[in-house]
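I have placed the structure first, in the form of structure tokens, so that the comments after it can refer back to it.
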Amino acid sequence: MELRPWTLPNLLTFARLVALPFLINAIVEGEHLQAFAIFFAAAVSDFVDGFLARHFNMASPLGALLDPIADKLFLVSTFIVFAMKSTPTNIHIPLWLVFMTVGRDVLIVVVALVMALSLGIKSFPPTFLGKANTFAEISTVVAILMNNIDRMPAWVADVCFPVTALLTIASGIHYVFRASTAVARASSS
């Protein structure tokens, strides 16, 4: 299988990965406008690389692997940094929410690996609930970033916390249910 590493979507994904330490540094240094700009640029590049991959036949196996990894690294990193009490931010993400979201992601990765290695099940596409959860996590980060530059009231982030928690639980349960159904199907055939 050809990885096709030098496609434009993959270069955009690599650029996002390179931008991540700069985002974290901007957040930790209290450079709120710079942090927002980097996060916004990363979000736009994520949209553009997905559009190019789907509509201009630039999809690649490497991109299919790296893009979700880059997305998760951005979300997990920003959640952890915004949970740290030493981070200069108007709003901190509750530690319980960080553990919940990271725990769900670890669970999904472990289940997918077990399914791939033991049963050869390699297709584990995201679900509507999984995408809704990702949207809630992104909304949480955006709400905090925008509050830090005085463009959004704090209550928006306060609403995002329980919504993200509910979607994290619902999507985690749904992924486990889907995985057990796939395992049962694979075992019976």
Side-chain angles (χ1 to χ4, degrees), residues 5-53 58 62-106 108-109 126 130-169 171-172:
W6 305 119
T7 65
L8 184 54
N10 287 351
L11 293 176
L12 289 170
T13 300
F14 289 131
R16 278 203 325 276
L17 289 169
V18 168
L20 181 57
F22 294 98
L23 170 66
I24 299 307
N25 186 63
I27 293 170
V28 169
E29 294 296 323
E31 298 290 338
H32 302 305
L33 193 55
Q34 182 182 14
F36 178 77
I38 294 169
F39 194 86
F40 182 77
V44 169
S45 76
D46 187 31
F47 173 78
V48 170
D49 80 40
F51 179 82
L52 292 173
M58 293 183 183
L62 181 62
L65 179 69
L66 279 184
D67 186 65
I69 290 172
D71 294 345
K72 272 300 158 194
L73 282 174
F74 258 80
L75 287 173
V76 168
S77 299
T78 52
F79 261 55
I80 290 170
V81 171
F82 279 131
M84 295 169 34
K85 293 300 175 196
S86 61
T87 300
T89 180
N90 297 335
I91 303 166
H92 287 92
I93 295 177
L95 205 50
W96 60 264
L97 186 57
V98 174
F99 284 124
M100 185 182 286
T101 56
V102 172
R104 170 198 167 268
D105 292 342
V106 169
I108 290 171
V109 168
K131 289 181 179 190
N133 177 254
T134 299
F135 180 78
E137 290 179 23
I138 291 168
S139 298
T140 301
V141 172
V142 168
I144 294 170
L145 288 168
M146 290 186 73
N147 179 268
N148 284 336
I149 59 171
D150 298 323
R151 297 288 187 257
M152 188 169 286
W155 66 262
V156 177
D158 292 336
V159 169
C160 287
F161 297 154
V163 170
T164 300
L166 288 172
L167 286 168
T168 298
I169 292 167
S171 63

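All values below come from the heavy atoms of this structure, side chains included, with hydrogens, waters and symmetry mates left out.
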- prompt: Any side-chain heavy atom of Leu12 within less than 4.5 Å of one from Leu52?
  reply: yes

pair Met152-Leu145: side-chain heavy atoms closer than 4.5 Å: no

message: Contact between Phe14 and Leu66 at the side-chain level, heavy atoms closer than 4.5 Å - yes or no?
response: yes

- prompt: Does some side-chain heavy atom of Asn147 sit less than 4.5 Å from a side-chain heavy atom of Val156?
  reply: no

message: How long is the straight-line distance from OG1 of Thr164 back to CD1 of Ile93, given to the nearest 0.5 Å?
response: 8.0 Å

message: For Asp150, is there any backbone N or O sitting under 3.5 Å from a side-chain donor or acceptor partner on His32?
response: no

message: Name the residue from Val102, Asp105, Val109 that meets the side-chain contact (heavy atoms from CB on, under 4.5 Å) definition with Lys72.
response: Asp105

query: Which residues pass the side-chain contact (heavy atoms from CB on, under 4.5 Å) test with Asp67, sequence neighbours left out?
result: Thr13, Arg16, Asp46, Asp49, Asp71

message: If I compare all heavy atoms of Phe36 with all of Met146, which pair ends up nearest, and what's the gap?
response: CE1-CG, 3.5 Å

- request: Mind listing the closest non-hydrogen atom pair of Ser77 and Leu20 along with its distance?
  value: OG-CD2, 3.8 Å

message: Just verifying a value: how many Å separate Ile169 CD1 and Arg104 CZ, rounded to the nearest 0.5 Å?
response: 11.5 Å

query: Is Met100 close to Trp96 at the side-chain level, that is, under 4.5 Å between some pair of heavy atoms?
result: yes

- request: Measure from the side-chain N and O atoms of Thr89 to the backbone N and O of Phe82, and report whether any donor-acceptor pair falls under 3.5 Å.
  value: no

- prompt: For Leu75, does its backbone N or O pair with a side-chain atom of Thr78 as donor and acceptor, under 3.5 Å?
  reply: yes

message: Applying side-chain contact (heavy atoms from CB on, under 4.5 Å), can you list everything that pairs with Pro68, at least two apart in sequence or on another chain?
response: none

field: Test item: Phe79 and Leu97 side chains (from C-beta on) under 4.5 Å apart, heavy atoms
entry: yes

